[in-house]
Amino acid sequence: MAYDKIIPIRQRMDNCLGYVLNEEKNSLDHALTYAENPDKAHQLVTGINCQAATAYSEMQATKRRWDKTGGILGYHIIHSYAPGEVTPEEAHAAGVEFARRLLGNSYEAVISTHLDREHLHCHIVFNSVSFVDGRKYRSDFQSYFGTLRETSNAVSRDHGLSVIEETTGQGKHYAEWEAERTGKETVRGLIRRDIDAAIRESFTFESFLTALRRQGYSIKYGPNVKHTAICPPGGQRFFRLSGMGERYTEAAIREQLAAIRRGDREDLPVQIIEPPKRYTIRRGYLTQMPRKKVRGFRALYVSYLYLLNIRRPKRKQIPFSIRAEVSKLRRYQRQFRLLQEYRIDNSAQFSMLTDALQAQIDGLTEQRKERYQEKREGREVTAEIQSINQELRRVRSKLKLCKQIKVDMSHIQTQMEEYQTNIRRKQEERHQRKSHAATDKGRPDRHFDPVR
């Protein structure tokens, strides 16, 4: 089985400065020098479309001839085999054949098989500019999975070696994978939820797009659009349907809608929330204390956390900009618990809490200094120091939370103001429609000719 890694060679690789200080470390000539390093235990070296000994000068001449001396200078492929799978000669022969199939008769390349590791591996360094037509080699996701790895697997099969099996499906962004692993909601997850809701109430693809527009989405769709894409309300970018998963491509959605029209499609799963249990007091009565309404900061957080509770099956239409904040739900919950613990409702109380926490930190720090002095004098105060450190961590975390609240408060206020503005606007529009309907109902029929 051959494992391949391709590395672009630039004039400098500054992202490795912590390890490499020489600016020529990853330049093209250094890569060639490394590939032909005589200090390796044993080597097999082959040049393709050039002489291995003069490969660097030939590659530079090609760049000057086509006036392409900048950008990516070349590529370095590490072609590795599993330990004990091949002999040195077999590994080198397979590496040379792989390079010939991949590059053809267009690029100068040097293949060197190194034997100083348990796993045999070939270093393939080739020019980024073709000596035939001056075209630069393009290395991207598609070229790796569609050309490089496919060629590597074909050569491995021809030589009777194992191959890397192709995986089905589409990869995920790391942020999305991490959010799903930790149980957090993502923007793509919210969009998929809205798509599912639009599918449930639609029968054709056009009505599906209309349902998305009613939710506030902008849509790119038509004969001149190659990929159907949607942008959530308040969003800054469009998301392709094909990038939302196999079940959300345009073809898959059309198939689901066709199944709905035929009546043979099981509906999408809906979360069922059991109603709360009710208890009856059979004897006596239960004294109910009047509830104290929260105000100020705490009321703001209660309202916002309520809007972020996206698991309610029936809710008012909430702007996408607020629903996208669900990934910060736990953060806002911690902030609310702190406000609730100290009954903080306004700026003055919040400022007093911040000052008190800072004073408590200063006092604990002074106590710890005294304990450390006692410890240097030979006294046993380790337990007291540990207790002070534990209390310091607790108070500092609260102060850090206060700093987060100070930053997030204005953002939450802005979000709530926009939400309330949208609610008032929708209420006014609903009231105007009712008024127009009542006016039209009381108006005489336009076809009636009154008697003069």
Does the pair Ile199 and Ile260 meet the rule for a side-chain contact (heavy atoms from CB on, under 4.5 Å), with working shown? CA-CA 9 Å; Ile199 292 175; Ile260 290 177; 4.0 Å; yes

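- For Thr54 and Ser57, the side-chain atoms include no donor-acceptor pair closer than 3.5 Å.
- Between His123 and His76, the ring planes lie tilted relative to each other; the angle falls in the 30° to 60° range.
- Taking the charged nitrogens against the carboxylate oxygens, Asp408 and Arg331 do have a contact shorter than 4.0 Å, which makes a salt bridge.
- Comment: Arg295 does not engage Asp345 in a salt bridge, judged by the lack of any side-chain N to carboxylate O separation of less than 4.0 angstrom.
- Between Arg157 and Asn153, some side-chain heavy-atom pair lies under the 4.5 Å cut-off.
- Applying side chain to side chain donor-acceptor pair (under 3.5 Å) to Asn127 and the options Lys136, Lys68, Lys63 leaves one that passes, Lys63.
- Using a 4.5 Å heavy-atom cutoff, the side chains of Leu161 and Val86 are in contact.
- Of the charged side-chain nitrogens involved, at least one lies within less than 4.0 Å of a carboxylate oxygen, so that Arg254 and Glu250 count as a salt-bridged pair.
- Between the side chain of Arg396 and the main chain of Leu357, no donor-acceptor pair closer than 3.5 Å is present.
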Are Arg343 and Gln349 close enough, and set up right, to give a side chain to side chain donor-acceptor pair (under 3.5 Å), and what steps lead you there? CA-CA 8 Å; Arg343 301 292 191 271; Gln349 295 172 347; over 6 Å; no

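- Considering only heavy atoms from C-beta on, Thr204 comes within 4.5 Å of Ser207 through its side chain.
- In terms of heavy-atom proximity, Tyr342 sits nearest to Lys398 at OH-NZ, 2.8 Å.
- For Ser351 (side chain) and Ser347 (main-chain N/O), no donor-acceptor pair under 3.5 Å exists by modelled atom type.
- Interatomic distance, Tyr248 OH to Ile230 CD1, rounded to the nearest 0.5 Å: 10.5 Å.
- Side chain of Glu418 to main chain of Gln415: no donor-acceptor pair is present (N/O by atom type, distance under 3.5 Å, no hydrogens or angles).
- The distance from the OG1 atom of Thr151 to the CD atom of Glu97 is 10.5 Å, given to the nearest 0.5 Å.
- Side-chain N or O atoms of Arg192 include one that pairs as donor or acceptor with a backbone N or O of Met244 at under 3.5 Å.
- With Ser128 contributing its side chain and Ile72 its backbone, the two residues share a donor-acceptor pair below 3.5 Å.
- More than 12 heavy atoms of other residues, nucleotides or ligands shown are found within 6.0 angstrom of CG on Asn346.
- Panel note: side chain Ser130, backbone Ser106; a donor-acceptor pair is recorded below 3.5 Å.
- Note: His79 and Phe98 have parallel aromatic rings, judged against thresholds of 30 and 60 degrees for the angle between ring planes.
- Residues Arg247 and Asp196 are paired through a salt bridge, judged by an N-O separation under 4.0 Å between the basic side chain and the carboxylate.
- With sequence neighbours excluded, the residues forming a ring-ring contact (aromatic ring centres under 6.0 Å, His included) with Phe205 are Phe208, Tyr221, listed by chain and number.
- By the 6.0 Å and 45° rule, Lys220 stacks over the aromatic ring of Phe238.
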Before you tell me yes or no, could you show the steps for Val110 and Thr46 under side-chain contact (heavy atoms from CB on, under 4.5 Å), namely the whole-Å CA-CA distance, both residues' side-chain angles and the distance that decides it to 0.1 Å? CA-CA 6 Å; Val110 172; Thr46 301; over 6 Å; no

Which is it for Arg101 and Asp158 under the salt bridge (charged side-chain N to carboxylate O under 4.0 Å, His left out) test, yes or no, and what are the steps along the way? CA-CA 13 Å; Arg101 292 192 189 183; Asp158 293 344; 2.6 Å; yes

Checking side-chain contact (heavy atoms from CB on, under 4.5 Å) for the pair Leu307/Met416: CA distance, chi angles, key distance, verdict? CA-CA 9 Å; Leu307 293 180; Met416 289 300 299; 3.6 Å; yes

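- In this structure the side chain of Glu201 reaches within 4.5 angstrom of the side chain of Arg214, judged on heavy atoms.
- When all heavy atoms are compared, the tightest approach of Arg188 to Gly243 is NH1-O, 3.1 Å.
- Side-chain contact between Leu103 and Ile48 is absent, with no heavy-atom pair separated by less than 4.5 Å.
- Of the N and O atoms on the side chains of Thr113 and His121, not one donor lies less than 3.5 Å from an acceptor on the other residue.
- Considering all non-hydrogen atoms of both residues, Phe297 and Ile344 come closest at CB-O, 3.9 Å.
- Thr69 approaches Leu73 most closely through the heavy-atom pair O-CD2, 3.5 Å.
- With contacts defined as side-chain heavy-atom distances shorter than 4.5 Å, the pair Leu338/Cys402 qualifies.
- Around atom CG of Asp67, no more than 12 heavy atoms belonging to other residues, nucleotides or ligands sit under 6.0 Å away.
- Expressed to the nearest 0.5 Å, how far SG of Cys231 lies from CD1 of Ile191 amounts to 8.0 Å.
- Looking only at distances, no side-chain donor or acceptor of Thr249 sits under 3.5 Å from a matching main-chain atom of Gly245.
- The side-chain heavy atoms of Glu58 and Thr62, taken from C-beta on, include no pair separated by under 4.5 Å.
- A distance of 10.5 Å separates CH2 of Trp66 from CZ of Arg135, quoted to the nearest 0.5 Å.
- Atoms NZ and CD, from Lys328 and Gln333 in turn, are 14.5 Å apart once rounded to the nearest 0.5 Å.
- Using a 4.5 Å cut-off on side-chain heavy atoms (C-beta onward), Leu102 and Tyr107 make no contact.
- For the atom pair CZ (Phe336) and CD1 (Ile412), the distance works out to 11.5 Å, reported to the nearest 0.5 Å.
- Taking the centre and axis of the six-membered ring of Phe239, the NZ or CZ atom of Arg237 falls inside the cone set by 45° and 6.0 Å.
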Starting from the C-alpha separation in whole Å, work towards a yes-or-no answer on side-chain contact (heavy atoms from CB on, under 4.5 Å) for Arg240 and Thr228. CA-CA 6 Å; Arg240 292 182 182 179; Thr228 303; over 6 Å; no

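- Between Ala91 and Tyr81, the shortest heavy-atom distance links the atoms O-OH, 3.5 Å.
- Considering every non-hydrogen atom in both Val45 and Ala52, the closest pair reads CG1-CB, 3.7 Å.
- No donor-acceptor pair closer than 3.5 Å links the side chain of Ser152 to the backbone N or O of Leu148.
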